[in-house]
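Below is one structure; the comments refer to it alone.
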Amino acid sequence: MNSFKDFFMEYRGAIIGAIVAILILFTQFYKLIIGIILIVMGAFLGNYVQRNKFDVKERIKNFIDKL
């Protein structure tokens, strides 16, 4: 019994993480999380493009020219 307690105390973070991951999968909460991540990434990308218009245009032009 003592070895089980030691095992749980050593790996409790991994066990709790696995339980949370299973709950997220069963409730399909991951779809919402992925959606939120995509929205935040899109906002950062849009902000970067807005602040660096000329650099972005030049990079896209150079990329297209290479193709």
| query | Does CZ in Phe29 sit with more than 12 non-hydrogen atoms of other residues, nucleotides or ligands closer than 6.0 Å? | reply |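 Atom CZ in Phe29 is not crowded, with 12 or fewer foreign heavy atoms closer than 6.0 Å.
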May I ask whether [X] and [Y] are part of the same hydrophobic cluster, defined by side-chain heavy atoms of I, L, V, M, F, W, Y residues being less than 4.5 angstrom apart, directly or through others?
X: Phe26; Y: Val20; answer: no
X: Ile19; Y: Leu25; answer: no
X: Ile36; Y: Met41; answer: yes

Might you point out which heavy atoms bring Ile24 and Tyr30 nearest each other, and give the distance in Å?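 Heavy atoms only, the tightest pair is CG2-N, 3.6 Å.
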[atom1] of [X] to [atom2] of [Y]: how many Å apart, nearest 0.5 Å?
X: Ile16; Y: Tyr11; atom1: CD1; atom2: OH; value: 15.0 Å
X: Phe63; Y: Lys66; atom1: CZ; atom2: NZ; value: 8.5 Å
X: Ile37; Y: Leu32; atom1: CD1; atom2: CG; value: 10.0 Å
X: Met9; Y: Ile15; atom1: CE; atom2: CD1; value: 10.5 Å

*In chain order, what residues pass the side chain to side chain donor-acceptor pair (under 3.5 Å) check against Glu10, with sequence neighbours excluded?*
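Glu10 satisfies side chain to side chain donor-acceptor pair (under 3.5 Å) with no other residue.
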Can you give the donor-acceptor pairs under 3.5 Å from side chains of residues 43-51 to other protein atoms, not counting sequence neighbours?
unit_1: Asn47; atom_1: OD1; unit_2: Arg51; atom_2: NE; d: 3.0
unit_1: Tyr48; atom_1: OH; unit_2: Arg59; atom_2: NH1; d: 3.3

